[in-house]
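Read through the structure below, which is laid out as structure tokens, and then see the notes.
Along the sequence shown, residues are numbered consecutively beginning with 1. Since the structure is predicted, the reported quantities are computational estimates derived from the model, not experimental observations.
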Amino acid sequence: MTTDAALLDTLSRLQPLAGLGRTSLRSLVPLCNHERVPRHLNPFALKDWRDQVAYLVKGELKIDQPDGSSMLYIGGTGDALYPLVSGGRTPRSSKAITDVELLRFNEDALDIFVTWDQLAIPAETAGAEGDDTDWHTRSGVFAAQNFVDGAFAGLPAAHIDALLRRFERVPVRRGEAVVRQGEPGDYYYVIDQGRGVVTRDIGGVTVEVAQLKSGDAFGEEALVADGERNATVTMKTDGLLLRLGKADFVALLREPLLKRVSPAEAAAKVAAGAVYVDPRFPVEYRVDGLPGAINVPLNELRGAMAMLDPAKEYIVYCQSGRRSSAAAFLLSQKGYRASLLDGGLKALAAEKGTA
């Protein structure tokens, strides 16, 4: 039995993971962390277990109960099939009787994954052994990592089922231009299978902006800002896209993900450590950019995200709110804590004028 197969068998016995199909468990593997602790030590005193879900899968662990009694857990059996750590609950005192191994998940990541999995697999389409047969879970875009920090990480659970049902599958061929610069925005796309390239025509010269792979989304800028496409996306391989119409995109993705803050709320957040992001061109930023703001033009944001600190909160602004709304959505879509300054610099100037 391979290591991966053994891990899948282990996951299939844990609760509530046992309710997931084999394909879903396989997608869950990259989110799983192994913690190995020598005998005589207390695993829960060695690190911070907050916001984690942990299972004992190997070895023997004695845990002291709140009533003063002790309970022996044996990895992979009995009560050890249920989380020892979850919901902020961590044993206060324990001792490894033998060397032990625990499997650890980020609690939010696991909850997001299970929520998506439950909504993406209608009961009537489940296989005889509970395995995944619905195309939603087989698609590359719905791999576990995309639930956690990809295109749909910040989506409220209430929207998930409707979103999945309204995506349209579109086969594409190598060399096909899916969207063209200058055209009106009509659809939001996610690459399920294949690879693409983003190019922009600048002064008659075609410039490559980004490479796209399975799980990447495109087309959102024009839909968020209600404008024209600012780039062309061409497939580098044959593939399969998931396509969502503008009305559904606005209702199910843009509005849930696009968080707005007033000038007063933005100022309070910045005072608490948030950072302003200005997505305009540098020449505009130099005229009236806010003090301390990071200037990242919208057309460079995809490539510049890696330089941003995911631990920080960002407040995105521009003159009117059009470019900043697109930038705030792009950041939120990738898991960053980003808000839109409602009304942009115009609203900020108006508020100062009445102060």
Would you check if [X] and [Y] make a side-chain contact, meaning some heavy-atom pair closer than 4.5 Å?
X: Asp288; Y: Arg280; answer: yes
X: Leu331; Y: Leu301; answer: yes
X: Asp278; Y: Glu284; answer: no
X: Asp238; Y: Arg173; answer: yes
X: Arg104; Y: Leu102; answer: no
X: Asp186; Y: Lys246; answer: no
X: Leu61; Y: Val37; answer: no
X: Leu46; Y: Glu35; answer: no

If you compare all heavy atoms of [X] against all heavy atoms of [Y], which two are closest, and at what distance to 0.1 Å?
X: Gly175; Y: Thr234; value: O-CG2, 3.5 Å
X: Ala177; Y: Thr232; value: CB-CG2, 4.4 Å
X: Asn42; Y: Ser93; value: ND2-CA, 4.1 Å
X: Pro263; Y: Leu341; value: CA-CD1, 3.7 Å
X: Pro43; Y: Leu41; value: CD-O, 3.4 Å
X: Lys259; Y: Ala338; value: CB-O, 4.3 Å

For the [atom1] atom of [X] and the [atom2] atom of [Y], what is their distance to the nearest 0.5 Å?
X: Lys47; Y: Gln52; atom1: NZ; atom2: CD; value: 6.5 Å
X: Asp99; Y: Arg36; atom1: CG; atom2: CZ; value: 11.0 Å
X: Gln193; Y: Leu242; atom1: CD; atom2: CG; value: 9.0 Å
X: Leu7; Y: Arg26; atom1: CG; atom2: CZ; value: 11.0 Å
X: Thr98; Y: His40; atom1: OG1; atom2: NE2; value: 10.0 Å
X: Arg229; Y: Leu223; atom1: CZ; atom2: CG; value: 5.5 Å

Check: Do any pairs count as a ring pair (Phe, Tyr, Trp, His ring centres under 6.0 Å) and have a residue in residues 270-297, sequence neighbours left out, and if so which ones?
Finding: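 Sorted pair list: Tyr276-Tyr317.
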Salt bridge (charged side-chain N to carboxylate O under 4.0 Å, His left out) partners of [X], counting only residues at least two apart:
X: Arg260; value: Glu255
X: Asp201; value: none
X: Lys213; value: Asp216

Residues which pass side-chain contact (heavy atoms from CB on, under 4.5 Å) with [X], listed by chain and number, not counting sequence neighbours:
X: Ala264; result: Ser262, Glu351
X: Lys58; result: Glu101
X: Arg89; result: Ser86
X: Arg50; result: Asp48

Notebook entry, point to check: With under 30° as parallel and over 60° as perpendicular, where do the rings of Trp49 and Phe44 fit, or are they tilted in between?
Noted result: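 It falls in the perpendicular class, over 60°.
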N/O donor to acceptor pairs below 3.5 angstrom from side-chain atoms of residues 203-212, sequence neighbours left out:
from	atom 1	to	atom 2	distance (Å)
Glu208	OE2	Gln211	NE2	2.6
Gln211	OE1	Lys236	NZ	3.1

Checklist line | Test log, rule side chain to side chain contact (heavy atoms under 4.5 Å, CB included), inputs Met235 and Leu241 | finding: CA-CA 10 Å; Met235 295 302 298; Leu241 304 181; 4.2 Å; yes
Notebook entry, point to check: Given Tyr55, which of Val85, Leu17, Thr10 fulfils the side chain to side chain contact (heavy atoms under 4.5 Å, CB included) condition?
Noted result: Leu17
Mind checking whether [X] and [Y] sit in one hydrophobic cluster, side chains of I, L, V, M, F, W, Y counted as touching below 4.5 Å?
X: Val57; Y: Val29; value: yes
X: Val316; Y: Leu290; value: no
X: Val287; Y: Leu345; value: no
X: Tyr314; Y: Leu348; value: no
X: Leu103; Y: Leu25; value: yes

Notebook entry, point to check: Just by modelled atom types, is the Asn230 backbone N or O under 3.5 Å from a matching donor or acceptor in the Arg200 side chain?
Noted result: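 Pair found, side chain donor or acceptor close to backbone of Asn230.
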Notebook entry, point to check: Is a side-chain N or O of Ser332 found less than 3.5 angstrom from the main chain of Phe329, in a donor-acceptor match?
Noted result: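 Checked: no pair found.
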Margin query: For a side chain to side chain contact (heavy atoms under 4.5 Å, CB included) check, start with the C-alpha distance between Lys269 and Glu313, then their side-chain angles and the critical distance, and finish with the verdict.
Written below: CA-CA 8 Å; Lys269 286 180 176 291; Glu313 183 173 5; 3.0 Å; yes
Solution key, residues 70-81 side-chain donor-acceptor pairs under 3.5 Å, sequence neighbours excluded:
from	atom 1	to	atom 2	distance (Å)
Ser70	OG	Asp64	OD1	2.8
Thr77	OG1	Ile74	O	2.9

Next item on the list: Could you tell me which residues satisfy ring-ring contact (aromatic ring centres under 6.0 Å, His included) with Phe218, sequence neighbours excluded, listed by chain and number?
Entry: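 If we apply the ring-ring contact (aromatic ring centres under 6.0 Å, His included) test to Phe218, skipping adjacent residues, the hits are Tyr189.
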Item checked: Counterpart residues, ring-ring contact (aromatic ring centres under 6.0 Å, His included), relative to Tyr187 (two or more places apart) ->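 For Tyr187 there are no ring-ring contact (aromatic ring centres under 6.0 Å, His included) partners, ignoring immediate neighbours.
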Note to self: As a quick check of understanding, evaluate side chain to side chain contact (heavy atoms under 4.5 Å, CB included) for Leu31 and Asn106, giving each step before the final call.
What the structure shows: CA-CA 8 Å; Leu31 303 181; Asn106 176 275; over 6 Å; no
